[in-house]
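Structure first, commentary second.
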Amino acid sequence: MVKEMRLLGSSNHQWPLCSVYKQNPGFVKLVASVLVLGVPFCLFSSRSFEYFASSLSDAEVDLTPASLHAGEPKCDLFIGDWIPGTSAPAYTNETCPFIQDHQNCIKNGRPDSDYLHWRWKPRDCELPVFDPERFLDLMKNKSFAFIGDSIARNHVQSLLCTLSKVDRPEEIYCDKLDKSKTWSFPSYNFRLSVIWTPFLVKAEIFEDNNGVSISETKLHLDNVDESWSTRFKDFDYMIISAGKWFLKSAIFYENDQVKGCHYCEEKNNLTDLGYEYSYRKALENSFSFMASTNHKAVVLFRTTSPDHFEGGEWFSGGKCDRTVPFRDGEVEIKDVDRVLHEIELQEYEKAVSRNGLIIKLMDVTRLSWLRPDGHPGPYRIFHPFEADANARVQTDCLHWCLPGPIDSWNNLVMEILVNT
């Protein structure tokens with residue numbers, strides 16, 4: 001059992017800007033300490049061409065029933081291969097100012113670059129490269145939100161980097177913790193938001209200044225988090241996701257009464273219902289809420305993005321040193337990611353049948369599992385081995401380098417929105 005896994009309103013609202021908070025040095029130190037210490041969850045080689053020549057064995061990593069996928073009937077977007085690509089990334093750390101330091105692998109001195117030159121190829125069709133101008137034309141006079149944890153923030157930064165090649169976004173909102181933001185694309189009257197809500201439901205989170213839990217999280221599983229529910233009707237499109245935070249120790253509440261817990265029975269003498277119970281309840285109630293509003297937004301439900309810690313977890317010396325994608329059946333997906341994914345597919349299938357909810361599946365689990373080479377690893381900080389080649393540093397094997405594999409998710413978003 002995994003003990004801990006830390007990631008990591010309306011248009012009339014008067015929203016503060018991040019720059020306001022940056023004027024307060026004390027606040028900056030506090031936020032910096034959280035980001036640096038507490039958010040780890042917070043060119044081809046000969047092997048590259050060997051990988052290209054091989055094909056995936058679905059029997060080895062059969063995670064996704066095709067009947068649940070959002071692609072065209074003739075093509076499942078989520079079953080395919082990572083193949084060597086010939087084009088350069090759509091942006092670099094020098095052309096995009098929106099990359100968070102912890103994901104800025106090039107700037108932080110990551111020495112290899114092969115991970116930048118793979119593209120996702122569905123088995124039965126071509127997946128067009130994301131076209132930022134076409135996307136912005138589609139989003140003219142619209143609003144789009146990413147709702148979830150720090151992986152959602154990781155993804156929105158990828159999208160921002162690509163869209164900024166066409167129109168320069170203006171930040172019009174930032175919360176005090178620098179986690180939820182909104183940008184405006186003035187030439188298109190388009191607003192893009194990210195809302196940090198790691199559980200989707202109401203949560204009382206107890207952490208110290210370094211992001212380390214000092215007590216169990218209190219999850220109110222029957223109350224959808226107001227940080228996004230109160231703004232749901234403001235958005236025309238959204239990508240909603242969750243996952244890893246449910247592995248944390250937590251006490252579950254329903255109807256304001258303690259229902260059980262996850263990884264806390266010894267301390268609180270409660271029934272351990274497991275993270276499976278809380279994750280299923282959170283998704284079920286979130287989908288139920290969206291359907292009840294009768295707001296006709298287009299919702300993309302993104303499945304879990306697996307981590308690739310090997311030899312331990314983030315808190316016990318785990319690393320991710322691979323420099324190419326997995327070979328066919330090389331390593332099986334972790335049990336915890338398999339369970340999360342199964343719950344997601346089951347709850348998605350239920351959500352599809354709900355009246356009043358337009359929902360599409362964005363199943364990135366399998367294609368992301370095949371990319372252990374795409375994480376910052378030790379290069380979540382600036383040149384970690386510059387002073388000491390043998391320095392022991394914390395690694396990030398959950399979030400994605402920017403640019404990196406997560407940029408391919410934008411290709412999927414565009415294809416799902418346009419052709420399904």
Side-chain angles (χ1 to χ4, degrees), residues 2 4-8 35-43 45 47-48 51 82 89 91-93 99-120 148-158 161 211 241 243-245 247 302-327 330-334 336-337 340 364-385 391-410:
V2 179
E4 290 281 331
M5 179 63 70
R6 171 163 46 85
L7 295 181
L8 54 155
L35 290 175
V36 173
L37 298 175
V39 195
F41 324 170
C42 172
L43 313 172
S45 63
R47 181 178 173 187
S48 297
Y51 181 96
W82 287 98
Y91 60 90
T92 70
N93 62 307
I99 302 175
Q100 189 171 344
D101 286 343
H102 295 313
Q103 283 88 58
N104 202 335
C105 302
I106 299 175
K107 177 183 176 181
N108 290 340
R110 179 169 170 169
D112 63 306
S113 59
D114 283 4
Y115 71 95
L116 297 171
H117 300 281
W118 298 87
R119 70 179 182 90
W120 177 249
D149 53 31
S150 57
I151 299 296
R153 188 166 65 243
N154 200 177
H155 188 189
V156 80
Q157 290 167 359
S158 166
C161 286
S241 58
K244 295 296 188 182
W245 275 74
L247 306 182
R302 177 183 60 73
T303 60
T304 191
S305 178
D307 68 79
H308 291 93
F309 289 98
E310 296 185 64
E313 297 295 334
W314 66 265
F315 52 82
S316 57
K319 296 181 180 180
C320 45
D321 297 331
R322 297 177 187 265
T323 57
V324 293
F326 280 143
R327 300 183 185 212
E330 184 175 353
V331 179
E332 292 186 3
I333 194 169
K334 295 179 180 179
V336 66
D337 290 311
L340 290 173
V364 303
T365 301
R366 181 176 180 275
L367 64 92
S368 299
W369 172 247
L370 297 175
R371 292 305 306 271
D373 57 319
H375 303 289
Y379 297 97
R380 60 183 296 276
I381 59 175
F382 187 73
H383 291 267
F385 305 112
R392 296 186 64 181
V393 298
Q394 195 172 56
T395 59
D396 183 351
C397 305
L398 174 62
H399 299 93
W400 301 96
C401 290
L402 295 177
I406 198 172
D407 297 320
S408 292
W409 295 8
N410 297 328

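The structure presented is a predicted model; accordingly, all values stated were derived computationally and were not measured.
- Residues Ser305 and Trp409 meet the side-chain proximity criterion, which asks for heavy atoms closer than 4.5 Å.
- Test His155, Gln103, Gln157, Arg371 against Trp400 for side chain to side chain contact (heavy atoms under 4.5 Å, CB included) and you get one pass: Arg371.
- Looking at His102 and Pro376, their side chains never come closer than 4.5 Å, going by heavy atoms from C-beta outward.
- Tyr379 and Pro384 get closest at one heavy-atom pair: CD2-CD, 3.6 Å.
- Taking 4.5 Å as the limit, every side-chain heavy atom of Cys320 sits out of range of all side-chain heavy atoms of Phe309.
- In this structure, Pro306 and Thr365 have side chains that are in contact, with non-hydrogen atoms separated by less than 4.5 Å.
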Q | Stepwise salt bridge (Lys or Arg N to Asp or Glu O under 4.0 Å) test for Arg322 and Glu330 | A | CA-CA 12 Å; Arg322 297 177 187 265; Glu330 184 175 353; 3.1 Å; yes

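- Applying side-chain hydrogen bond (donor to acceptor under 3.5 Å, both in side chains) to Asp307 and the options His399, Lys244, His375 leaves one that passes, Lys244.
- Taking every heavy atom of both residues into account, Trp82 and Pro325 meet most closely at CB-CG, 4.4 Å.
- Formation of a donor-acceptor pair under 3.5 Å by the Asp112 side chain with backbone atoms of Asp114 is not found in this model.
- For the atom pair Cys401 SG and Leu116 CG, the distance stands at 8.0 Å (nearest 0.5 Å).
- The backbone N or O of Asp101 lies less than 3.5 Å from a partner atom in the side chain of Asn108, making a donor-acceptor pair.
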Q: Tell me, with the steps shown, if Val393 and Ile381 meet side-chain contact (heavy atoms from CB on, under 4.5 Å).
A: CA-CA 9 Å; Val393 298; Ile381 59 175; 4.3 Å; yes

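- Here CD1 of Ile406 is found 8.0 Å from OG of Ser368. Values are rounded to the nearest 0.5 Å.
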Q. Yes or no on side-chain contact (heavy atoms from CB on, under 4.5 Å) for Asp373 and Phe326, after CA distance, side-chain angles and deciding distance?
A. CA-CA 8 Å; Asp373 57 319; Phe326 280 143; over 6 Å; no

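- Between Leu402 and Asn93 there is no side-chain heavy-atom pair separated by less than 4.5 Å.
- For the atom pair CG of Asn104 and CD1 of Ile106, the computed distance is 7.0 Å after rounding to the nearest 0.5 Å.
- Separation of the His308 and Trp369 ring centroids falls under the 6.0 Å cut-off.
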(Q) Walk me through whether Ile99 and Cys161 qualify under side-chain contact (heavy atoms from CB on, under 4.5 Å). (A) CA-CA 8 Å; Ile99 302 175; Cys161 286; 3.7 Å; yes

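- Note that the CZ atom of Arg119 and the CG atom of Asp407 stand 14.5 Å from one another [nearest 0.5 Å].
- Other residues, nucleotides and ligands place no more than 12 heavy atoms under 6.0 Å from the NZ atom of Lys107.
- When every heavy atom of Thr395 is checked against every heavy atom of Lys319, the shortest pair comes out as OG1-CA, 4.1 Å.
- A distance-only check finds no donor-acceptor pair linking the side chain of Asp337 to the backbone of Lys334 [under 3.5 Å].
- In this structure, CD1 in Ile151 is found 8.5 Å from OG in Ser241, a value given to the nearest 0.5 Å.
- Atom OG1 of Thr303 and atom CG of Leu367 lie 8.0 Å apart (nearest 0.5 Å).
- Closest non-hydrogen pair, Thr304 versus Leu340, comes out as OG1-CD1, 4.0 Å.
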